[in-house]
Amino acid sequence: MTTQHQPADAGGGTALLAEPPTQDPRTGGTVVAGRSPARMAWKRIRRDKVTTAALVATLLFIAIALLAPVLTALTSWGPITPDNKAINPDTGNFPYGSLGGISAQHLLGVEPGTGYDLFARIVYGLRTSLYVGFASAVLSTVVGVVAGLAAGYFGGWVDSLLSRVMDVMLAFPQLLFIIALTPVIQNALQTDSHGGTDENLRLLVLVLNIAVFAWAYTARLVRGQVLSLREREFVDAARLMSAGRRHILFRQLLPNLWAPILISFALAVPQNITTEAALSYLGVGVIPPNPDWGSLLSDASQFFLQDPMYLFVPGVLLFLLVLALNLLGDGVRDALDPRARRG
């Protein structure tokens, strides 16, 4: 009887996990197949119905955002294309019909006063929310990982300096400072012919402001992991083989940190989306007529008593998006670290 064993990870970080033994049809011997941690995590995710549903919902939202031009072309109405014929001037510029003017032409109705198609604005607003959420999460994760690696590995004055910076960033009231800084930076970067700020530049400023105050969470997490990993045998072996610092940091330590980094990223995206929506609601994020869910909620609050539909649709969709991302983040965490699974 022959048995094939999978070798341990050369980096010393994570060994392959064994599946139940199977029989080799050629030799009749027992074969032990190996599975990587990624495959094991994916199997746990597929077994968890809540996480699977959250993943499907998240992919659906992303698909809708990517296909926004196609979806709005089917209705022939763009996010800032007014339909003045749908507005009834006798009712205070509210649309004809009930439920916000829902019809075959306007699937979710039209905006009072402007006549903008709400379906198009919600679809394009989803693109804005996902862009800001993912872009700021990527940027803050990259900065946090680099800072955490440096602080945890080098120690000494490097660790002291970076740790104090992390403490300062974590102590800031994030939302208040972003509210204060965003308009100041945007006004200083006026670029269009009307004395305003280009919308792409506004989004970039929004992404940078959110990332500046969010990287410290990832950095603190990575620093703690590196402090425990740098004394492990595989790091000592790399030093004895005269490996450089770059090799140890990015080839030995970083591959063993992908699980907490991925968890941190997955949980940061919904938080950044809600931050962006809150900023737009307060008027310091995306400025109308450019579509955004936060500004839609802000406008809908003025018409809530006359027609709750304006607040209901974007509010429920924002709730579902953030809920799906949070459940997906929790599922990824439980899949990557089963010991942390709750109750």
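Position 1 is the first residue of the sequence, and the numbers go up from there. Model, not experiment: these values are computed from the prediction. In what follows, every heavy atom counts, from backbone to side chain, and hydrogens, waters and symmetry copies are set aside.
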J.: Do Tyr281 and Ser301 come close enough that some side-chain heavy atom pair is under 4.5 Å?
T.: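 They are in side-chain contact.
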J.: Any salt bridge between Asp292 and Arg121, counting N to O under 4.0 Å?
T.: no
J.: Say you draw a straight line from CG of Leu108 to CG of Asp117; how long is it, rounded to the nearest 0.5 Å?
T.: 7.5 Å
J.: Check whether any side-chain heavy atom of Arg220 lies under 4.5 Å from a side-chain heavy atom of Asp167, and answer yes or no.
T.: yes
J.: Consider only side-chain heavy atoms of I, L, V, M, F, W and Y, link residues closer than 4.5 Å, and tell whether Leu297 and Tyr124 are in one cluster.
T.: no
J.: For the side chain of Thr72 and the backbone of Ala68, is there at least one donor-acceptor N/O pair under 3.5 Å apart?
T.: yes
J.: To the nearest 0.5 angstrom, please state how far the CG atom of Leu249 sits from the CG atom of Leu254.
T.: 8.5 Å
J.: Are Val143 and Phe134 grouped together when hydrophobic residues (ILVMFWY) are joined by side-chain heavy atoms under 4.5 angstrom apart?
T.: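 Shared cluster, yes.
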J.: Quick check: is Leu118 connected to Ile64 through a chain of hydrophobic side chains (ILVMFWY, heavy atoms under 4.5 Å apart)?
T.: yes
J.: Taking the side chain as C-beta and beyond, is there a heavy-atom pair between Asp159 and Phe154 under 4.5 Å?
T.: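 In short, these two side chains do not touch, never coming nearer than 4.5 Å.
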J.: Please list, one pair per line, the donor and acceptor atoms closer than 3.5 Å that link side chains of residues 265-272 to other protein atoms, with sequence neighbours excluded.
T.:
residue : atom : partner : partner atom : Å
Asn272  : ND2  : Ser136  : OG           : 3.0
Asn272  : ND2  : Ala268  : O            : 3.4

J.: Roughly how far apart are Leu282 CG and Ile178 CD1, rounded to 0.5 Å?
T.: 11.5 Å
J.: Does any part of the side chain of Arg44, heavy atoms only, come nearer than 4.5 Å to the side chain of Arg47, both counted from C-beta?
T.: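 The answer is no, as the side chains (C-beta and beyond) never meet within the 4.5 Å cut-off.
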J.: Say whether Val322 and Ile62 are linked into one hydrophobic cluster, either directly or through other cluster members, by side-chain heavy-atom distances under 4.5 angstrom.
T.: yes
J.: What's the separation between atom CG in Leu126 and atom CZ in Phe61, rounded to the nearest 0.5 Å?
T.: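 Between Leu126 CG and Phe61 CZ, I get 7.0 Å after rounding to 0.5 Å.
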J.: Side chains of Leu327 and Leu55: closer than 4.5 Å at any heavy-atom pair?
T.: no
J.: Does a donor on one side chain and an acceptor on the other come within less than 3.5 Å for Ser163 and Arg223?
T.: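 Looking only at side-chain atoms, Arg223 and Ser163 do form a donor-acceptor pair, the distance falling under 3.5 Å.
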J.: Transitively linked via ILVMFWY side-chain contacts under 4.5 Å: Leu60 with Val313?
T.: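 Yes, one cluster joins them.
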J.: Side-chain contact, heavy-atom cut-off 4.5 Å: Leu257 with Leu229?
T.: yes
J.: Determine, stepwise, if the pair Ile273 / Leu318 fulfils side chain to side chain contact (heavy atoms under 4.5 Å, CB included).
T.: CA-CA 9 Å; Ile273 288 177; Leu318 180 61; 4.1 Å; yes
J.: Examine the side chains of Ser295 and Ser280 and answer whether a donor and an acceptor come within less than 3.5 Å of each other.
T.: no
J.: Check whether any side-chain heavy atom of Thr51 sits under 4.5 Å from a side-chain heavy atom of Leu328, and report yes or no.
T.: yes
J.: Working to the nearest 0.5 angstrom, can you tell me the gap between Leu149 CG and Arg230 CZ?
T.: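 Taking CG in Leu149 and CZ in Arg230, the distance rounds to 12.0 Å.
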J.: Under 4.5 Å between any side-chain heavy atoms of Pro69 and Arg127, yes or no?
T.: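 Side-chain contact under 4.5 Å: yes.
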